[in-house]
Amino acid sequence: MFNNLIDIERLTTDEINQIIALAADFKTGKAKSAVKEKVLCLMFCENSTRTKCSFELAAKKLGMHVLNFEAKTSSFNKGESMKDTLENLYFIGADAVVIRHSTPFIVDEALNAINYPLTLINGGDGNNAHPTQALLDYFTMLEKIKMVEGKKVLIVGDISHSRVAKSNVALLNKFNADIHLCAPIYFKPKNVEKYNITWHSDIKTAIKGADIIMALRVQKERHINEQYQLEDYIENYQINSKLLKLAKDNVLLMHPGPVNRNIEITSELLDSEKGKTILEQAQNGVFVRMAVLNLLLSKKGARCF
Ligand code: CP
């Protein structure tokens, strides 16, 4: 079983199934915590609502202690390195740290740098990976449509900046979904075809017969040199009720959040019954993160100093 959660690629399908099954048991109240009194540190160096709050609530529901590391007032600002910070947090008493950071691969690098058995969980690193988001998305899909094998999953939007898209593609490929990606040229990643997906630039073609549509946030904070017009995106890629009619009748509409209302999805659609799945994704994040924490930390022995 995994000791850290860095990305989806390193999980086996058995491990993912185990997380999903345990999350379901936490949701129905069948599972019990095996990690009471363990200590989780939340190191969020980039903004977050869903990931941070649901990890905190997950830890509290499991009877864990939570350390809220404040990056802005931390000794990072005195020049302390990530390695030294994590090793000090371990000696203070943290069993695990969730890291959210704007730098891709920083969690991987931290794992290689530290000399102590602190568990690291990637809470989203730049445009690289967001494994717990993909797990909660998969959990929500299974709740609604039972299985993804052979199902047409369309991911649409700012794919080149999206860690959510990468982690979802990695996970959905493990379970043989029929993955379609759609974006304008300015949001098309380099070498995207290597990911075993079907690429589209035309949303009307892409959306036909879709079982699941996952819209992505336009990530303005990561658009350093890109030239694009938001009006062009809205006119050609925004999900609205008319476009949704081209998908399957019971199509599942998803979005990792936060949503830019009236940019990726119309406000009217968000507030309709179809838009409710997006809130259920956030809710399921608590149970999936409870499962991840329980599996990662329950097998660790007593700390020895
Ligand atoms: N989906 C997601 O990661 O949301 P937050 O940035 O609010 O955590």
Side-chain angles (χ1 to χ4, degrees), residues 5-8 11 19-20 23 40-61 66-72 96-107 120-141 143-144 153 155-172 181 187 212-223 239 252-261 263-265 270 275-293:
L5 181 51
I6 308 299
D7 56 32
I8 290 293
L11 293 177
I19 294 167
I20 298 299
L40 179 68
C41 179
L42 302 174
M43 181 190 276
F44 278 67
C45 306
E46 205 187 45
N47 297 346
S48 168
T49 296
R50 279 146 290 271
T51 312
K52 184 168 187 284
C53 291
S54 58
F55 261 118
E56 181 161 356
L57 185 57
K60 287 179 173 169
K61 278 175 174 264
V66 177
L67 294 174
N68 264 299
F69 174 93
E70 294 290 341
K72 284 198 183 98
V97 182
V98 182
I99 303 175
R100 156 74 60 99
H101 205 285
S102 58
T103 305
F105 303 103
I106 195 162
V107 189
L120 298 186
I121 301 169
N122 187 349
D125 60 329
N127 66 358
N128 178 46
H130 195 350
T132 57
Q133 180 68 45
L135 289 164
L136 75 88
D137 291 339
Y138 183 51
F139 181 89
T140 308
M141 290 174 196
E143 267 193 337
K144 303 278 181 189
V153 184
I155 303 178
V156 56
D158 188 356
I159 291 167
S160 56
H161 300 96
S162 179
R163 54 196 177 209
V164 175
K166 287 197 190 87
S167 289
N168 265 286
V169 167
L171 190 149
L172 291 166
L181 303 183
F187 290 153
I212 298 170
I213 300 168
M214 184 183 294
L216 301 171
R217 182 171 69 88
V218 174
Q219 303 198 29
K220 294 174 203 153
E221 75 278 17
R222 298 193 212 283
H223 299 167
I239 308 295
L252 203 57
L253 178 62
M254 302 179 76
H255 190 301
V259 182
N260 293 307
R261 272 181 183 259
I263 295 182
E264 299 104 23
I265 303 177
L270 272 176
K276 201 170 153 203
T277 306
I278 295 166
L279 296 171
E280 290 169 339
Q281 286 174 259
Q283 182 182 58
N284 285 336
V286 177
F287 305 110
V288 166
R289 287 168 177 132
M290 284 174 82
V292 165
L293 291 172

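Numbering starts at 1 and runs along the sequence shown. In listed order, ligands and their atoms are each counted from 1.
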Quick check for you: to the nearest 0.5 Å, what is the distance between [X] atom [atom1] and [Y] atom [atom2]?
{"X": "D137", "Y": "H255", "atom1": "CG", "atom2": "NE2", "answer": "11.0 Å"}
{"X": "F187", "Y": "I159", "atom1": "CZ", "atom2": "CD1", "answer": "10.0 Å"}
{"X": "R50", "Y": "Q283", "atom1": "CZ", "atom2": "CD", "answer": "14.0 Å"}

Distance from [atom] to nearest protein heavy atom, with residue and atom:
{"atom": "atom 6 (O) of ligand 1", "answer": "R100 NH1, 3.1 Å"}
{"atom": "atom 7 (O) of ligand 1", "answer": "T49 N, 2.7 Å"}
{"atom": "atom 4 (O) of ligand 1", "answer": "R50 NE, 3.0 Å"}

Should G124 be listed as contacting ligand 1, given a heavy-atom distance under 4.0 Å as the test?
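In this structure, G124 fails to qualify as a contact of ligand 1 - no heavy atom is under 4.0 Å.
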
Say whether H130 and ligand 1 are in contact under the criterion: heavy-atom distance to a ligand atom below 4.0 Å.
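Yes, H130 has a heavy atom closer than 4.0 Å to ligand 1.
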
Test: R289 cationic atom under 6.0 Å from F55 six-membered ring centre, within 45° of axis:
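Geometry flag: set, cation within 6.0 Å and 45°.
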
Side-chain donor-acceptor pair present, E280, N284, cut-off under 3.5 Å
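Short answer, no.
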
Backbone or side chain, does any N or O of P258 fall under 3.5 Å from an N or O of ligand 1?
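It does not: no N or O of P258 is found under 3.5 Å from an N or O of ligand 1.
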
